[in-house]
Amino acid sequence: MPEKPYDHIAIELKWHERWQNADFYKAEENSSKPKFYVLEMLPYPSGTLHIGHIRNYSIGDALARYKWMRGFNVLHPMGWDAFGLPAENAAIANKVPPRQWTLQNIAAMKKTHRRFAFSYDWDREVSTCEPEYYRWNQWFFLQMLERGLAYRKRALVNWCPKCATVLANEQVVDGCCWRHEDTPVEQRALDQWFLKITAYADQLLDDMAQLEGGWPDRVLTMQRNWIGRSEGTEVDFRLEGTGEPIRVFTTRVDTIYGATCVILAPEHPLNETLLDADLKVRAKAMVDSRAGRDPGDIDKEGIFTGHYAINPYNGERVPIWIANFVLMGYGTGAIMAVPAHDERDFEFCTKYGIPIRPVIRPADLPSGESVALPYSEYGIVENSGEWSGLPSAEARRKMSAFAEQQGFGKPAITFRIKDWGISRQRYWGTPIPVIHCPACGVVPVPEDQLPVVLPDRIEITGAGRSPLENVPEFVNVACPKCGEPARRETDTMDTFMDSSWYFYRYCDPHNSERPFDSAKIAYWFEIDQYIGGIEHAILHLIYSRFFTKMMRDIGLISNNEPARRLFTQGMVIAEGAKMSKSKGNVVGADMLADKFGADTARMFVLSNVPPEKEVDWREAGAEGTYRFLGRVYRFVTRNVPLEERSGDADRKVLRKLHQTLKKITEDFETRWHFNTCIASIMELVNLLYAEEQNISAAAMPQILETLALMLAPFAPYLSQEIWETLGGEGPVFRRAWPEFDPELAKEDEAEIVVQVNGKVRSKITAPFGTPKESLESQALADEKVQSFIGGKQIVKVITVPDKLVNIVVK
RNA sequence: GCCCGGGUGGCGAAAUCGGCAGACGCAAAGGACUUAAAAUCCUUUUUCCGGAAACGGGAGUGUGGGUUCAAGUCCCACCCCGGGCACCA
C-alpha cells in the first residue's frame, strides 16, 4: 500500500470519539491479578493544564499502561484539589462565585485530560470541594479533637498580608509567603486550631527507614531536616535571689562547667519580671528588628539583665543576658552559653567580654598543648569536677542522668517541627466543625450533623477576616449541648488537610457512611508508585504521612506509610526560562494537542532527559518528536500488506527489535529513563528504514506488531491506529507486553576490542565463549596490532572474555 | 556554615557493573525529489595534525594529583553551578 501521511488530528479525533464511553481503565474490585496503585498528585483546578502537568501525567500514564500490559489490576485515579485561595481571588476580580469558577475549571481541565487519553478511572474522581468529600475532613478533625490531637490555642502565627490569612510554618519560605515570594510574613497573635503533628515527630523520622530505596534520598533528607530531632538535656539554672528555675536546653551538657552566662530569647516570658521598663522596650525592639530577616545578616546583639543565675552542677554564679540569636520557638527559649565550645556563643561572648573557659580537650591532643577555640567537637571533659576525664558522649549520658536524679533537669529530645496550624481566615475551604458557646465553650459539631456545609451565597471582600462571619444563617446556631444561642467557628481548614488523605478516598469514593471501607484500603494500599513535583517534599508529603499514622492509630487502616515508592519529576521550563503567568510563556496543553497532537506532546516530555531532571520545552524539539511519529506511521502504512522481499536483514532487524524490547522492559522495571527508551525505538526505526527492502513479508508483521506494543505506553493514539492497521482487535494497551527473547537479542559473534597499552588499535570478532588463549593469539596476530607491538617487549596481556584484549608492551 | 545533586560536542544529552567517549534528538551544512518552496529521503558534523582521497595519528568528559593493564565512571584536594537546611543551642 502507498504510505499515508501522518494526520495526527484525524487519528486522535477518531480514537477520542471511539474511546468516549470506553471503560478500559476501570480498576477491578475483585481481582485475582496482582494489584498496582499508581498515582499522580492531584492538580489544583486553575483552569488549564500546562506542559508541566502533561509531564507528570505522561510518566504515570506510561507506567499504568505498562502495568496493565503486564497483567496487573491497576488503580489509576485522578481528582481535584479544589479548595483554595485562587478561587476567592477570581471571585473578587470577576464577580464569579468560587464554586462556579472552580467547577468550570474542572470541566475544562477534564476535557483536556481526555484529549490526552490519560488512563484514569474517572468513576473514582474526587473533588475536595464537594460536601461528600470534605465532610470527612470534618470527621477526621473531630476524631483528632476527641483524642487531643487537635487543639486550640492563642499563638503567634504567620500572617501573609496578601493572602489575608494565616500560614503554616511549612508555607513560609525564607520569611516570606510561599505564594508571594516578595511578601514578608508578619507575626500575629490569634486563636488558632492546631494539629499535633509533633506527637508523631519520632515516628515520622523513624519510619523513614521503611522508605529508603523507595523514596528519593533528597526528599528523605529534606524531611529529616524539617523534623530536626536533637537529643540533649534540659537543665534548670536558678535565678539568684528568688531561686526561680530557668530551664535551658543543651545538646552538650558535657560542657556545662564552661557555661559563662545564661541567655534568654528577647520574648522569653521571664523577661516580664526580670526587665525594667526601659529594658523591655529594648527587648521588644530586638524582636521587631529580627522579623523577616535572613539570620545570616543579623549581627549578634545582647543586653545584660542585671540578674544572675546559679549553675546547678557547680554552684557557679553567671550573668543572665537576653540576645537576638536565641529563639523562643526552639527548645526552652533559653540557653547556657559555652563560648569555648560553641561558635555562636564564642562570637557573642567575645563581643561582650564574657569569660571563655575551655572544658573539653581533643582526645589526641598532646598534654601541655591547648586547642584553638572555639572547639565544638567531642573530646575529653576537663576542669569539670568529678566528671573530668570522661569522654564527651559518656559525660553527656551520665550528667543527664545526674540532673534527673537530683531533680534539676532531665534528658530531653527537641524537634524543630512544630504543630500544624490549620485555621484559615478564608471562605473557600472546609468549615471547621465546632461551635463556640458562651456557656459551654468550644463544642464539637455532633457527627450526625456533618457535613457543615459552606454557604453558597456570600460576599467575598478579601479583608482580613473570614467572609463567613458575615453570613448570619451560617454563624448563628444553637449550642448542641445546652441549646442556647451560640456561634459557629468561621475559620476554614488549610487545604493541605484535603490533600492529606485524598488517595484513600479513591479506593472507595462514593461511600456515604464512612470515609472509606477499611477492607478496600487493605487491598489497595500502600500506593505502589506516587509521582509528583519535588516542591511537595515537605508540605504535602509530610502531612500525608502524618495523616496515615493518625488514621492507623484510630483503627481505620493498617499500613504505616501512604506510599511505598515516590518519584519526583523535574520541572518543565519553556525555551530556557521558567514558565510563569506573568511572563506569559506558559505552554498550554490544548495548544500542544492542536499543534502537534497529544502523542507528540506526551512523548516529547519523556524524550531527551530522564524524567527526574528539568526539561526544556523547545518547539524545535517537539517537531523532532512529531517527525519521528510520522516516520513510524508512514513506514507502517506502506508496508501493510507487504509483497515478498528477500529477508536478508530479518535476523539483524529482529535482533535489534528484541534488544530494544529488552532495554524498555528493564527500564520500566528499574530506573525509568524513558529518554533512552525512546532513543532506542528511534534507532530501531532508523534501522527499519535502512533495511526496508530486505525484510521478508513473514517477519514484517511481527516487527510492526511489537513496535505498536512498545509504543503503547508512550503514544496511545498512534499505537492504537497502527494496531488497527495491522488488523489487531481491541485496545492495544490491553494486550500482553511482548516478552523479549534473549536468544534473538544476542549478537551472532562477539566483537572484541583490541588495545595496546590501553588504546584501541583494532577489533576482531570471535564466537561467544571463545577461550582467552585463542582470543589472545588472534589479537596478537592482527595486522594493525602487529604494527604497534613490533620490536617491543610484551609485558602482559589482559583478556576479558567476549569483550576485550589489552596488550601491554614496553 | 552544614547536607544533597551536578559539571561530557554549537545545544539537550547517552555511556546501567572500571573496558570502543559522544547513542538518540535538535541545530547547521551538502545532496536527491520538485518549475519552486514546504514536506520527505540520503549524507556529513568533538577537535587538532598529515593526506587529493580512502585513511592514519595526537588530544579530549570543570582543574590538579593519585590508584589501575584500562578512569567520564574509583580515591584525594580544589573551582564552578543547582537544590535543601540554617544563629535549631
Side-chain angles (χ1 to χ4, degrees), chain A residues 3 5-6 173-174 216-226 228-230 232-233 248-252 255 263 265 290 294-300 323-327 329-338 341-345 347-348 376 414-417 534-535 537-538 576 604 607-610 612-616 618-625 627-628 630-631 634 663 666-667 670-671 673 675-686 689-690 751-763 784 787 795-800 803-809:
Chain A
E3 68 178 33
Y6 175 45
V173 181
D174 293 334
D217 287 341
R218 202 147 77 101
V219 173
L220 295 179
T221 307
M222 283 164 74
Q223 292 209 357
R224 218 169 265 132
N225 286 340
W226 188 260
R229 179 190 147 105
S230 65
T233 314
V248 304
F249 174 75
T250 176
T251 54
R252 291 297 302 275
T255 65
I263 311 178
R290 195 167 59 182
D294 183 344
D297 314 335
I298 302 175
D299 283 335
K300 290 186 177 49
N324 60 351
F325 73 97
V326 177
L327 307 175
Y330 184 79
T332 60
I335 65 163
M336 61 175 199
V338 183
H341 304 296
D342 181 284
E343 245 170 76
R344 293 152 302 173
D345 298 348
E347 189 188 333
F348 182 81
S376 52
T414 305
F415 293 95
R416 208 194 75 103
I417 192 171
I534 185 76
E535 66 274 17
I538 302 180
F604 171 78
S607 302
N608 300 324
V609 288
E612 66 271 19
K613 281 187 65 174
E614 187 174 88
V615 67
D616 190 8
R618 291 197 186 257
E619 189 144 329
E623 279 162 9
T625 306
R627 261 200 293 275
F628 166 70
R631 257 165 92 77
R634 288 188 300 273
K663 179 175 171 35
E666 286 172 355
D667 252 288
T670 55
R671 58 173 201 169
H673 281 195
N675 54 324
T676 56
C677 293
I678 291 167
S680 67
I681 302 177
M682 287 175 170
E683 281 181 57
L684 170 66
V685 172
N686 290 345
Y689 268 68
E751 191 186 49
I752 312 290
V753 171
V754 184
Q755 300 178 332
V756 177
N757 286 346
K759 287 202 170 107
V760 181
R761 295 305 184 185
S762 183
K763 286 170 190 178
K784 284 189 209 151
S787 69
V795 180
K796 64 170 147 177
V797 180
I798 283 133
T799 306
V800 183
K803 249 188 188 159
L804 160 142
V805 178
N806 188 12
I807 303 160
V808 186
V809 295

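What you are looking at is a predicted structure, and each value in this text was computed from that prediction instead of being measured. Throughout, protein chains are lettered first and strands after them, A, B, ... in sequence-line order, and every chain is numbered starting at 1.
- By the side-chain contact (heavy atoms from CB on, under 4.5 Å) test, Glu535(A) pairs with no residue at all, sequence neighbours left out.
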Using atom names, set out every protein N or O paired with an N or O of nucleotides 37-41 of chain B below 3.5 Å, distance rounded to 0.1 Å.
from    : atom 1 : to        : atom 2 : distance (Å)
rU40(B) : O3'    : Arg634(A) : NH2    : 3.3
rC41(B) : OP1    : Arg631(A) : NH1    : 3.0
rC41(B) : OP1    : Arg634(A) : NH2    : 3.4

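- Under the 90° criterion around 0 for the glycosidic angle, rG31(B) counts as anti.
- Annotation: rG51(B) and rC33(B) have their P atoms spaced 35 Å apart (nearest Å).
- Comparing the P positions of rC49(B) and rU43(B) gives an interatomic distance of 28 Å, to the nearest angstrom.
- Taking Glu3(A) as the reference, Arg638(A) meet the side-chain hydrogen bond (donor to acceptor under 3.5 Å, both in side chains) condition, with sequence neighbours excluded.
- Between Arg229(A) atom CZ and rC88(B) atom C1' the separation is 15 Å, expressed in whole Å.
- Comparing the C1' positions of rG82(B) and rC74(B) gives a spacing of 25 Å, expressed to the nearest Å.
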Query raised in the report: How does RNA chain B read in dot-bracket, base by base from 5' to 3', with Watson-Crick or G-U pairs under 3.5 Å and | used when the partner is on another strand?
Result: (((((((..(((......[....))).(((((.......))))).(((((....)))))..(((((..]....))))))))))))....
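- If you take atom P in rU45(B) and the same atom in rA53(B), they sit 14 Å apart, rounded to whole Å.
- A residue-by-residue look at Gly621(A) and Gly329(A) shows that Gly621(A) has its nearest nucleotide of RNA chain B further toward the 5' end.
- Comparing rG12(B) with rG66(B), their P atoms sit 32 Å apart, to the nearest whole Å.
- Other residues, nucleotides and ligands contribute only 12 or fewer heavy atoms inside 6.0 Å of the CD atom of Glu343(A).
- One N or O on the side chain of Asn757(A) and one on the backbone of Val809(A) form a donor-acceptor pair closer than 3.5 Å.
- Between Glu619(A) atom CD and rG25(B) atom C1' there is a gap of 16 Å when expressed in whole angstrom units.
- Val248(A) comes within 4.0 angstrom of nothing in the nucleic acid, heavy atoms only.
- The side-chain hydrogen bond (donor to acceptor under 3.5 Å, both in side chains) test applied to Tyr330(A) returns Ser230(A), not counting sequence neighbours.
- Every residue two or more places apart in sequence or in another chain that forms a side-chain contact (heavy atoms from CB on, under 4.5 Å) with Val615(A) is listed here: Arg55(A), Val572(A), Val609(A).
- At a cut-off of 3.5 angstrom, the base of rC87(B) holds at least one donor-acceptor pair with the side chain of Lys300(A).
- A search for side-chain hydrogen bond (donor to acceptor under 3.5 Å, both in side chains) contacts involving Glu612(A) returns His673(A), not counting sequence neighbours.
- Look at CH2 on Trp226(A): it is 15 Å from P on rC88(B), rounded to the nearest Å.
- A donor-acceptor contact shorter than 3.5 Å is absent between the side chain of Gln755(A) and the backbone of Leu804(A).
- Across all strands shown, Asn686(A) has heavy atoms under 4.0 Å from sugar-phosphate atoms exclusively, and none from any base.
- Counting only distance, with no hydrogens or angles, the side chain of Arg344(A) and the backbone of Val326(A) share no donor-acceptor pair below 3.5 Å.
- In this entry the base of rC41(B) is anti relative to its sugar, with a glycosidic angle more than 90° from 0.
- Asn324(A) is linked by a side-chain contact (heavy atoms from CB on, under 4.5 Å) to Met286(A), Ile298(A), Lys300(A), Glu301(A), counting only residues two or more places apart in sequence or in another chain.
- Using a 4.0 Å heavy-atom cutoff across all strands shown, Arg218(A) reaches sugar-phosphate atoms only and no base atom.
- Contact annotation: the side chain of Lys763(A) never approaches that of Ile752(A) to less than 4.5 Å [non-hydrogen atoms, C-beta and beyond].
- Scored by the ring pair (Phe, Tyr, Trp, His ring centres under 6.0 Å) test, Phe348(A) finds Trp321(A), Phe325(A), Tyr352(A) as partners (sequence neighbours excluded).
- Taking the C1' atoms as reference points, rU47(B) lies 9 Å from rG9(B), given to the whole Å.
- Between the CD1 atom of Ile417(A) and the C1' atom of rC88(B) there is a distance of 14 Å, rounded to whole Å.
- In this structure, Ile538(A) places its CD1 atom 11 Å from C1' of rG83(B), rounding to the nearest Å.
- Taking atom OH of Tyr330(A) as the reference point, atom P of rA89(B) lies 4 Å away to the nearest angstrom.
- At whole-Å resolution of the value, CE in Met222(A) and P in rG5(B) are 14 Å apart.
- The base of rC20(B) sits within donor-acceptor range of the side chain of Glu751(A), with an N or O pair under 3.5 Å.
- Of the candidate nucleotides rC24(B), rC69(B), rC88(B), rC88(B) has the atom lying nearest to any side-chain atom of Arg344(A).
- Using a 4.0 Å heavy-atom distance criterion, Thr251(A) is classed as a sugar-phosphate-only contact.
- Residue order along RNA chain B, read from the 5' end via each residue's closest nucleotide, puts Glu683(A) first among Glu683(A) and Asn757(A).
- Taking atom P on both nucleotides, rU8(B) is separated from rA14(B) by 11 Å, rounded to a whole Å.
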**Report entry** Letter per nucleotide, 5' to 3', of nucleotides 8-19 of chain B [B base touched, S only sugar-phosphate touched, - untouched; heavy atoms, 4.0 Å]
**Finding:** ----BSSSB--B
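- Taking Asp217(A) as the reference, nothing meets the side-chain hydrogen bond (donor to acceptor under 3.5 Å, both in side chains) condition, with sequence neighbours excluded.
- Of the possible donor and acceptor atoms, one in the side chain of Tyr689(A) sits under 3.5 Å from a partner among the backbone N and O of Arg631(A).
- Counting only heavy atoms from C-beta outward, the side chains of Phe249(A) and Ile335(A) never approach each other to under 4.5 Å.
- Residue-level contact check: Gly331(A) touches neither bases nor backbone, having no heavy atom under 4.0 Å from any strand.
- Nucleotides rC20(B) and rA70(B) have their P atoms positioned 14 Å apart, rounded to a whole Å.
- Side-chain atoms of Asn806(A) come within 3.5 Å of backbone atoms of Gly758(A) as a donor-acceptor pair (strictly under, hydrogens ignored).
- Going from atom CG of Asn324(A) over to atom P of rC87(B) covers 12 Å, rounded to whole Å.
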Expected rows: protein N/O vs nucleotides 56-60 of chain B N/O, under 3.5 Å:
from    : atom 1 : to        : atom 2 : distance (Å)
rG58(B) : OP1    : Arg761(A) : NH2    : 3.1
rG58(B) : OP2    : Arg761(A) : NH1    : 3.0

